Asks: 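I have a structure I would like to understand better, so I am pasting it below and will then ask my questions one at a time.
Here is how names work: the chains are called A, B, and so on, in the same order as the sequence lines, proteins then strands, and each is numbered from 1. Just so it is clear, the structure is predicted and the values come from calculations on it, not from any experiment.
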Number of protein chains: 2
Amino acid sequence: MEVIDYAYLESILNKKNLKVTPQRLHILSLIKQFGHMDIDELYLQIKKNYPYMSLATIYKNISVMVENGILNEIKIAQQKTKYELLADFHAHFICTNCKKIEDLDIDISCILKGFDQASVQSVQLQIYGICNACQKKKNLI
Amino acid sequence: MEVIDYAYLESILNKKNLKVTPQRLHILSLIKQFGHMDIDELYLQIKKNYPYMSLATIYKNISVMVENGILNEIKIAQQKTKYELLADFHAHFICTNCKKIEDLDIDISCILKGFDQASVQSVQLQIYGICNACQKKKNLI
DNA sequence: TCAATTTTAATAAATATTATCAAAAAATAA
DNA sequence: TTATTTTTTGATAATATTTATTAAAATTGA
């Protein structure tokens, strides 16, 4: 059970001049805890502790936080859009079997060589495949 | 004006045991012509020549052709999902200003080094930035 | 505490996608 | 060619998803 550093989450909102509300802190803490979440997963988790929170509030806050560069939007084939806390660049490995998403620290300087620094704003790199856990399971069959 | 090779499009469908219909050929020819299209763009173009074609038919065929590996689904931040003919790997450059999508021939062997060949099924690489045309326009202001 | 501003919840409205099914079309066999 | 089987289409209903609206509540700074 991870201890949530709410002061840190508050500072993220303050930096962007977004008001600190329990709803926003709860959304952020869940995303921090789970790593990558889509709207439905968020709504499901949130209903456990904040049964009154409106789905519209989640949609609104997610989009505000994406616009303000607090959250990163990850669009994945055959899945709902996922959100994660914005962090240093990393790629994602997506298991097409169990749907799990893993962060990958990959150096992408080799593919950005030819590009003008100023013209590149961000990079999304997704590698689809079968994760180790699923691979093992398959071998047992 | 590109000449469409319908025999080639038919062979694509035949290989996957999908029946050849005017609707499917038209969808494929448009995607071949435009490169990357979303459902709305397709519907708009299709209405010009096949005003009677149902939106449901487009949705159905797109998903059938994605499932059969004829089309590739490209999910892009802040945009509707785009579809392209499946081809050899290439990355996409997405201009965040004019929304244009460019194919990029980038060698990604350098980032796949650490991976077990068997565990990787596909890779999506998207580079977001400002395209040359938009860069020039900005300099003029 | 008070006032200005933002955010929330509830819900309506708008969009987007999928399911249903009878009729039409395509492929295959006779 | 024609008949038969199977698939696909179009229309539309049903779902699902997302955005807009607005009064009430909460947050922030003075």
Asks: Using modelled atom types only, decide if a donor and an acceptor are shared between the side chain of K75(B) and the backbone of I76(A) within a distance under 3.5 Å.
Replies: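 The answer is yes, because a donor-acceptor pair under 3.5 Å joins these two groups.
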
Asks: Donor-acceptor check, side chain of Y83(B) to backbone of M65(B), threshold 3.5 angstrom: yes or no?
Replies: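 Here the side-chain-to-backbone pair does not exist.
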
Asks: Got more than 12 heavy atoms from elsewhere within 6.0 Å of CZ, F89(A)?
Replies: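 Correct, the count exceeds 12.
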
Asks: Near Y50(B) OH, under 6.0 Å, is it more than 12 heavy atoms from other residues, nucleotides or ligands?
Replies: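 Yes, OH of Y50(B) has more than 12 neighbouring heavy atoms, counting only those of other groups under 6.0 Å.
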
Asks: Rounded to whole Å, please give me the gap between CG in L42(A) and P in dT17(D).
Replies: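 Atom-to-atom, L42(A) to dT17(D), this comes out as 14 Å.
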
Asks: If I take atom NZ in residue K16(B) and atom P in nucleotide dA26(C), what distance separates them, rounded to the nearest angstrom?
Replies: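 K16(B) atom NZ is separated from dA26(C) atom P by 22 Å.
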
Asks: I would like to know whether H36(B) and Q79(B) meet side-chain hydrogen bond (donor to acceptor under 3.5 Å, both in side chains); could you show each step before the answer?
Replies: CA-CA 12 Å; H36(B) 316 91; Q79(B) 290 191 40; over 6 Å; no

Asks: Can you measure R24(B) atom CZ to dA24(C) atom C1' for me and round it to whole angstrom units?
Replies: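 After rounding, the gap between these two atoms is 14 Å.
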
Asks: If you assign S63(B) and M53(A) each to the DNA chain C nucleotide with the nearest heavy atom, which residue ends up on the more 5' nucleotide?
Replies: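 Between the two, 5'-proximity favours M53(A).
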
Asks: What is the distance, rounded to the nearest whole Å, between atom CG of L13(B) and atom P of dA25(C)?
Replies: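 Result: 19 Å.
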
Asks: Report yes if a side-chain nitrogen or oxygen of N17(B) is closer than 4.0 Å to either non-bridging phosphate oxygen (OP1 or OP2) of dT7(D); otherwise report no.
Replies: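 The answer is no; no side-chain N or O of N17(B) sits under 4.0 Å from OP1 or OP2.
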
Asks: Can you tell me how far OG1 of T57(A) sits from NE2 of H26(A), rounded to the nearest 0.5 angstrom?
Replies: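 It comes to 12.5 Å.
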
Asks: Rounded to whole Å, please give me the gap between CD1 in I58(A) and P in dA9(C).
Replies: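 Rounded to whole Å, this separation is 9 Å.
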
Asks: Compare every heavy atom of E84(A) with every heavy atom of I31(A), then report the nearest pair and how far apart it is.
Replies: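 Here I31(A) and E84(A) meet closest at CG2-CA, 3.7 Å.
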
Asks: Find out if the SG atoms belonging to C98(A) and C131(A) lie under 2.5 Å from one another.
Replies: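 No, C98(A) does not link to C131(A) through a disulfide.
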
Asks: Roughly how many Å is it from CD1 in I27(B) to C1' in dT9(D), rounded to a whole number?
Replies: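 Computing the I27(B):CD1 to dT9(D):C1' distance gives 11 Å.
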
Asks: Give, for atom CD1 of I58(B) and atom CD of Q45(B), the distance between the pair rounded to the nearest 0.5 Å.
Replies: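 I58(B) atom CD1 to Q45(B) atom CD measures 11.0 Å (nearest 0.5 Å).
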
Asks: What is the distance from NE2 of H26(B) to C1' of dG10(D), rounded to the nearest Å?
Replies: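 Checked: the NE2 to C1' distance equals 16 Å.
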
Asks: Between atom OH in Y52(B) and atom P in dA25(C), what is the gap in whole Å?
Replies: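 Those two atoms, OH and P, are 9 Å apart.
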
Asks: Hey, what are the protein-to-nucleotides 14-17 of chain C N/O distances that come in under 3.5 Å?
Replies:
| unit_1 | atom_1 | unit_2 | atom_2 | d |
| --- | --- | --- | --- | --- |
| dT17(C) | OP2 | Y59(B) | OH | 2.2 |
| dT17(C) | OP2 | K80(B) | NZ | 3.3 |
| dT17(C) | O5' | Y59(B) | OH | 3.3 |

Asks: Going 5' to 3' along nucleotides 21-30 of chain D, which nucleotides have protein heavy atoms under 4.0 Å from the base (write B), which only from the sugar-phosphate (write S), and which from neither (write -)?
Replies: ------BS--

